[in-house]
2 protein chains.
Amino acid sequence: MAGISNKCLYALRALLELSGLERGQARSIPAIAKNQDIPLKFLESIMRELKEAGFVSSTRGKEGGYRLVLNPNEFSPGQVVRTFQPPNSLPSTSCCFSQIVNEAEKAWFDQFDKCSFRDVLRKKAEQNSVPDFSI
Amino acid sequence: MAGISNKCLYALRALLELSGLERGQARSIPAIAKNQDIPLKFLESIMRELKEAGFVSSTRGKEGGYRLVLNPNEFSPGQVVRTFQPPNSLPSTSCCFSQIVNEAEKAWFDQFDKCSFRDVLRKKAEQNSVPDFSI
DNA sequence: CTTATCCCTAGTTAGCCGATAGGGATAGTA
DNA sequence: TACTATCCCTATCGGCTAACTAGGGATAAG
C-alpha cells in the first residue's frame, strides 16, 4: 500500500519542531529546513499550505517565521494527515469490496488521532534521554 | 492516502468469482474478464501473478482456465492484499512518527483479514436478493 | 535602503500505475 | 497431423503524480 507521503511527513516534522517552542514564538523556514533536513524550497511550499489550512501563522521580515496556532496538547497528527492526504473517496465502481476498503482507510486515519503533538514530543524526549545499549 | 490499487481490486474480484465455483472447477480469463469487466490483457498478467503467489492453479488448452487453490472459507482478502501491495517498509529516515505510521499501516491491512472470501460472497448474495427501495 | 524573511507562479524530473502489443507454449479434439 | 482454445511470456507505452527546483516579488525591521 501507499502509506504516508514524504510531504506529509515533512509537514508533521515541521509542526513537531514548532510544538517544541514556547507559545507564540516563531521559527524561520531556513532554520526548520536545516534542523529537520528538509529541502528548503519544498518546505516553503509546505509551510504555505499549513498556513492556508490554519495550522500555523507567519510574520515576514527580520525575526519573522512561522508559529503554531493551536495548542500542542489539543492538536493531533491526524488533523494534518487528513488535510495533506485526503481520503480516496472510494473508486467509482463500488463493488463488494468497497466497504472493506473504506473501513481500512478509516482505521488508517484513526491511528493518527491517538496522540497529540505534545505526546510525540514527550516520547521523543524520553528516547533521547535514555542511553542506547543496543550496540 | 493512497488506498488500494486498481490492480489489487481486480485481483480480489477475480478471486471472488473463482470462489463462487465448485471446488476444483476452472474458469477462463476471457470469461472472468467479461463478467468482472476487467481489461483482458491486464487480467492475464494479474492471473499469472496470482498463480506465482500460489493462490490459483491453471490448466491450458480447451476447457482450461484458473481455479482456486485454497478453500474460500480459509482464504481472506488480506492474504491477497499483502502480496499485491506489500507494506512500505517504513521510510529509511525513521523519525518519531515512524511508529505511528507503522501502526496505521498494520491497522489498514488488518481490516482485510476480518472476513473470508466465502463471507464476501455470502454478503453479495444477500444484497442481490434484497429488493432495492432506495429510489 | 538593506537585509531577512515570507509569498507566489511556474516549471522539471523520475517513477509508477494501468493498460496494450505481439507473439509462444501447451493441451485437448478430430 | 492439424486445429483451436487456452495459458504463458516479454516488452512497451501514455498519463499521472510526487518530489523537488527556479526565479523572482512583497513586506517588515533596523
Side-chain angles (χ1 to χ4, degrees), chain A residues 1-14 18 21 25-53 55-69 81 83-86 88-89 91-93, chain B residues 1-14 18 25-69 81 83-86 88-89 91-93:
Chain A
M1 72 155 309
I4 201 164
S5 68
N6 246 344
K7 183 179 176 182
C8 190
L9 263 184
Y10 287 160
L12 291 177
R13 280 159 55 194
L18 295 186
L21 304 180
Q25 193 185 345
R27 180 154 292 174
S28 76
I29 289 178
I32 301 174
K34 196 187 167 203
N35 294 339
Q36 302 293 329
D37 196 33
I38 300 173
L40 185 80
K41 284 299 218 176
F42 197 21
L43 180 60
E44 254 190 54
S45 66
I46 291 169
M47 294 313 290
R48 250 180 300 125
E49 279 192 61
L50 286 174
K51 187 186 176 182
E52 280 168 27
F55 296 127
V56 298
S57 64
S58 62
T59 45
R60 292 198 262 204
K62 273 186 177 174
E63 305 297 306
Y66 285 91
R67 73 185 60 81
L68 215 56
V69 165
V81 172
T83 351
F84 273 74
Q85 322 220 97
N88 256 6
S89 65
S92 53
T93 55
Chain B
M1 66 146 331
I4 201 163
S5 68
N6 245 344
K7 183 179 175 183
C8 190
L9 264 183
Y10 287 159
L12 291 177
R13 281 160 52 195
L18 295 185
Q25 194 185 344
R27 180 154 292 174
S28 75
I29 290 177
I32 301 174
K34 194 188 169 202
N35 293 339
Q36 300 294 329
D37 195 34
I38 301 174
L40 186 80
K41 283 300 219 174
F42 197 20
L43 180 61
E44 253 191 54
S45 65
I46 291 169
M47 294 314 287
R48 251 181 300 121
E49 279 191 63
L50 286 173
K51 188 187 176 184
E52 280 167 28
F55 296 127
V56 297
S57 64
S58 62
T59 45
R60 293 197 262 205
K62 272 188 176 170
E63 304 298 306
Y66 286 91
R67 73 185 60 82
L68 215 55
V69 165
V81 172
T83 348
F84 273 73
Q85 323 221 97
N88 255 7
S89 65
S92 52
T93 55

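Computation of the quantities below employed the complete heavy-atom set of this structure, encompassing side-chain atoms and omitting hydrogens, waters and symmetry-equivalent molecules. Sequence lines set the chain letters: A, B, ... in the order given, protein chains first and strands last, and positions in each chain run from 1.
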Phosphate OP1/OP2 of dC20(D) contacted by Tyr10(A) side-chain N/O (<4.0 Å):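 Indeed, a polar side-chain atom of Tyr10(A) lies that close.
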Partners passing side-chain contact (heavy atoms from CB on, under 4.5 Å) against Ala14(A) (at least two apart in sequence or in another chain): Ile32(A), Leu43(A), Met47(A)
Pairs flagged by ring pair (Phe, Tyr, Trp, His ring centres under 6.0 Å) wherever residues 25-46 of chain A is involved - sequence neighbours left out: Tyr10(A)-Phe42(A)
Contact list for residues 32-51 of chain B, test salt bridge (charged side-chain N to carboxylate O under 4.0 Å, His left out), sequence neighbours left out: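 Only Lys7(B)-Glu49(B), Lys41(B)-Glu44(B) qualify under salt bridge (charged side-chain N to carboxylate O under 4.0 Å, His left out).
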Pairs touching residues 56-69 of chain B that satisfy salt bridge (charged side-chain N to carboxylate O under 4.0 Å, His left out), sequence neighbours left out: none
Where do N or O atoms of nucleotides 15-18 of chain D meet protein N or O atoms at under 3.5 Å, pair by pair?
none

Can you tell me how far apart [atom1] ([X]) and [atom2] ([Y]) are? Round to the nearest 0.5 Å.
X	Y	atom1	atom2	answer
Ser57(B)	Leu50(B)	OG	CG	11.5 Å
Tyr66(A)	Leu21(A)	OH	CG	14.5 Å
Thr83(B)	Glu52(B)	OG1	CD	11.5 Å
Ser58(A)	Ile29(A)	OG	CD1	8.5 Å

Residue-level proximity of residues 61-68 of chain B to DNA chain D when a heavy atom falls under 4.0 Å: Gly61(B), Lys62(B), Gly65(B), Tyr66(B)
Phe84(A)/Leu12(A) under side chain to side chain contact (heavy atoms under 4.5 Å, CB included): CA gap, chis, key distance, verdict: CA-CA 10 Å; Phe84(A) 273 74; Leu12(A) 291 177; over 6 Å; no
Side-chain touch Ile4(A)/Val81(A), heavy atoms, less than 4.5 angstrom: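 Side chain of Ile4(A) against side chain of Val81(A), heavy atoms only: contact under 4.5 Å found.
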Phe55(B) and Leu18(B), any side-chain heavy atoms less than 4.5 Å apart: no
Selection: residues 40-52 of chain B, any non-hydrogen atom under 4.0 Å of DNA chain C: Lys41(B), Phe42(B)
Bounds of contact between DNA chain C and chain A, in 5' to 3' order, using a heavy-atom cut-off under 4.0 Å: dA4(C) to dT9(C)
Closest contact, heavy atoms only, Gly65(B) versus Ala26(B):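 Answer, listing the atom of Gly65(B) first, then Ala26(B): C-CB, 3.9 Å.
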